[in-house]
> 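After the structure tokens below, expect a handful of questions from me.
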Amino acid sequence: VVIAGGEPLLHKELDQIVQGVIARKKFVIVCTNALLLEKKFSLFQPNKYFSWSVHLDGDREDHDRSVCQDGVYDRAVAAIARTKAAGFRTIINATLFDGHLRPQDATTRYNLGTALLDLHRAEEALTWFEQAARAEEPHLPAVASAGEALLRLGRAQEALQWFREAQRLQPGDLQARLGEGFALLTLGRFREGWQSFEARLEDPRVGPSMPAGAGPPWRGIEDVRGRTMLIYAEQGSGDTIQFARYLPLLRARGARVVLRAQTPLFPLLRALADSVIDKTEQLPEFDLHSPLMSLPLAFGTELASIPADIPYMFADPRRVARWRRRLGARQGRRVGIAFSGNPDHMLDALRSIPVADFAPVLQCKGIDFHVVQTQIRPADAAVLQNLPRVHLHADALHDFADTAALLTLMDLVISVDTSVAHLAGAMGRPVWILLQYNADFRWMQQRDDTPWYPTARLFRQQTMRRWQPVIDAVAAALVCPVR
């Protein structure tokens with residue numbers, strides 16, 4: 001049982017609640033944001049209230065003082081993951097608070113919603129955010145958080161209304177402005193969406209590190225001919241691959257483009273810019289600058305004007321030759337597969353798929369599957385060992401140039417929403433992208449194609465966390481008999 005709340009003084013009977021839960025031999029984590037951030041409340045002490053681990057056999061009680069101590073809320077989330085791995089049923093039992101919350105306890109309701117959202121339980125989180133937003137004394141951050149929960153539930157139009165209400169109540173609210181951008185882009189309303197999306201530049205968690213004292217970014221107005229433009233990548237490698245399509249447009253206007261980007265992408269990006277540097281290198285002299293993901297705004301990109309001169313990324317022929325030798329003689333169709341992404345991604349638990357769930361696809365006759373990702377999780381590796389027609393290449397994939405060469409030799413690529421999917425699309429390779437229910441804004445809604453990558457086909461979850469219908473649809477589309 002995980003109890004997450006707000007001001008501890010509101011929970012006068014929390015001690016009895018926790019003791020009652022322990023008596024029932026459950027695992028308990030008690031966290032309150034106020035306690036984690038400020039140690040001014042004497043009512044609760046970390047070694048007494050913050051966490052208990054009661055073994056299911058009831059033989060002993062283990063106090064874990066590291067879970068929520070020292071203001072580190074993420075440790076509570078990590079503890080939740082540990083209890084799941086240990087086989088415990090971990091929940092947030094919000095009903096424990098039902099008899100102890102006053103109508104004005106909006107902060108507690110908001111914190112419960114936040115904890116539930118961290119556990120990807122958006123429907124339950126939404127209920128608490130709505131209560132917090134409509135309390136006698138509304139908790140204003142809950143208004144934008146309700147929009148975030150709705151966005152996670154694939155309800156972008158409703159989310160947009162909440163984000164705009166949040167801005168009405170708190171003009172300039174960063175979370176609401178950025179959420180509005182995501183909602184608008186998800187809905188395909190690019191003209192407004194790119195503008196609101198600029199709010200990310202004020203958020204150090206997602207925005208790029210802009211050059212100090214460089215002035216505002218380029219917005220497409222100034223003439224770039226004969227001038228040096230510094231463009232800097234942001235967020236993940238997939239984002240860099242997707243929006244690198246704008247670099248040739250700058251060069252076509254006569255700009256000299258210096259791109260600061262992720263080192264593993266250098267071999268693919270050098271053909272798109274005049275110079276490529278990483279974040280550790282000293283910045284050269286430049287006249288204008290822009291974050292890479294602000295270029296759609298600068299170029300006035302709308303749904304009908306997405307630059308789609310595909311391919312714009314190419315494999316090195318020498319690397320392709322080396323990979324052709326590694327693969328050897330063709331035995332049948334070759335399909336590249338990427339089933340998981342960066343495990344540190346905030347929504348990785350929703351977008352990645354266990355290899356075991358791919359069984360209907362990976363057992364197709366006449367197909368050799370090649371894993372085109374570099375990180376293989378232990379549970380997946382154990383399954384892959386028993387699939388003789390699934391080939392691993394992590395040891396030879398040194399950078400994205402190797403990945404590109406391998407993708408060149410595939411008849412088809414099947415990938416979850418990771419950089420591999422973007423690379424295949426940028427290369428014009430046939431790619432099937434498997435999307436979680438609350439798909440990222442770039443994939444929009446209710447379509448099985450994407451104007452960003454004309455060779456891509458989208459397979460979408462219709463129910464949150466249910467991958468089996470998606471896998472079944474992929475197996476059917478492959479038109480392959482199963483062993």
Side-chain angles (χ1 to χ4, degrees), residues 1-7 10-11 14 17-18 20-21 24 26-34 36 51 67-68 73-85 88-135 138-163 165-166 175-176 179 182-183 186 346-351 436-439 461-467:
V1 177
V2 178
I3 304 173
E7 299 290 335
L10 297 176
H11 312 316
L14 185 57
I17 293 173
V18 172
V21 173
R24 292 175 176 83
K26 303 294 183 183
F27 182 95
V28 182
I29 301 172
V30 182
C31 293
T32 61
N33 290 347
L36 296 174
S51 65
V67 177
C68 304
Y73 181 74
D74 288 344
R75 291 184 182 176
V77 178
I80 293 168
R82 289 200 300 273
T83 61
K84 287 182 178 179
F88 288 89
R89 180 170 178 242
T90 306
I91 62 172
I92 293 182
N93 194 339
T95 59
L96 290 175
F97 282 104
D98 283 350
H100 305 274
L101 291 181
R102 296 173 294 174
Q104 65 266 38
D105 289 346
T107 299
T108 302
R109 291 177 166 85
Y110 169 74
N111 287 337
L112 283 166
T114 300
L116 286 161
L117 200 60
D118 286 343
L119 291 175
H120 311 303
R121 291 163 58 179
E123 191 79 54
E124 297 165 84
L126 177 61
T127 298
W128 289 99
F129 289 142
E130 288 177 332
Q131 289 185 25
R134 293 167 177 160
H139 189 79
L140 295 183
V143 181
S145 293
E148 172 64 24
L150 286 163
L151 207 54
R152 299 265 191 105
L153 292 168
R155 295 155 62 180
Q157 187 61 53
E158 295 174 71
L160 181 60
Q161 297 171 7
W162 280 87
F163 289 133
E165 175 64 9
Q175 181 187 4
F182 283 127
T186 300
M346 182 177 66
L347 298 179
D348 182 69
L350 299 180
R351 69 167 182 172
Q436 66 204 50
Y437 182 76
N438 57 321
Q461 274 187 343
Q462 299 303 311
T463 305
M464 188 170 290
R465 294 180 177 270
R466 286 203 63 208
W467 282 113

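This structure is a prediction, so every number in the text was calculated from the model and none was measured.
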> Quick one: closest heavy-atom pair of Gly147 and Ala159, and the distance?
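Gly147 and Ala159 have their closest heavy atoms at O-CB, 3.3 Å.
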> For side chain to side chain contact (heavy atoms under 4.5 Å, CB included), just list the numbers for Arg152 and His120, CA-CA rounded to whole Å, side-chain angles, deciding distance to a tenth of an Å, and then say yes or no.
CA-CA 8 Å; Arg152 299 265 191 105; His120 311 303; 4.1 Å; yes
> Is the backbone N or O of Tyr437 less than 3.5 Å from a side-chain atom of Gln461, with the two atoms forming a donor-acceptor pair by type?
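Yes, the answer is positive, given that a donor and an acceptor are paired below the 3.5 Å cut-off.
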> Test of understanding: with salt bridge (charged side-chain N to carboxylate O under 4.0 Å, His left out), list the residues that count as partners of Glu130, not counting sequence neighbours.
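With sequence neighbours excluded, Glu130 shows a salt bridge (charged side-chain N to carboxylate O under 4.0 Å, His left out) to no residue whatsoever.
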> Identify the heavy atoms of Ala146 and Leu126 that sit nearest to each other, and give their distance.
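Reported closest heavy-atom pair: O-CD1, 3.7 Å.
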> Taking side chain as C-beta onward, heavy atoms only, is Trp162 less than 4.5 Å from Glu165?
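No. Closest side-chain heavy atoms not under 4.5 Å.
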> Could you check whether any side-chain heavy atom of Gln157 comes within less than 4.5 Å of a side-chain heavy atom of Leu150, counting everything from C-beta outward?
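Not in contact.
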> Is Phe163 close to Leu151 at the side-chain level, that is, under 4.5 Å between some pair of heavy atoms?
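They are in side-chain contact.
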> Report the residues that fulfil side-chain contact (heavy atoms from CB on, under 4.5 Å) with Ala125, sequence neighbours left out, ordered by chain and then residue number.
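side-chain contact (heavy atoms from CB on, under 4.5 Å) check on Ala125 returns Leu116, Leu117, Phe129.
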> Could you list the residues that satisfy side-chain contact (heavy atoms from CB on, under 4.5 Å) with Glu123, not counting sequence neighbours?
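With neighbours one apart ignored, the set is Leu153, Arg155.
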> Checking Ala132 now: which residues fulfil side-chain contact (heavy atoms from CB on, under 4.5 Å) with it, not counting sequence neighbours?
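Applying side-chain contact (heavy atoms from CB on, under 4.5 Å) to Ala132 gives Ala106, Arg109, Tyr110, His139, Ala142.
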> Do Arg465 and Gln436 have side-chain heavy atoms sitting under 4.5 Å apart?
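Not touching, per the 4.5 Å side-chain cut-off.
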> What is the minimum heavy-atom distance between Ala156 and Thr186, and which atoms define it?
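For Ala156 versus Thr186, the nearest heavy atoms are CB-CG2, 4.0 Å.
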> Go through the structure and list residues passing side-chain contact (heavy atoms from CB on, under 4.5 Å) with Gln175, not counting sequence neighbours.
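Residues passing side-chain contact (heavy atoms from CB on, under 4.5 Å) with Gln175: Ala144, Ser145, Glu148, Asp173.
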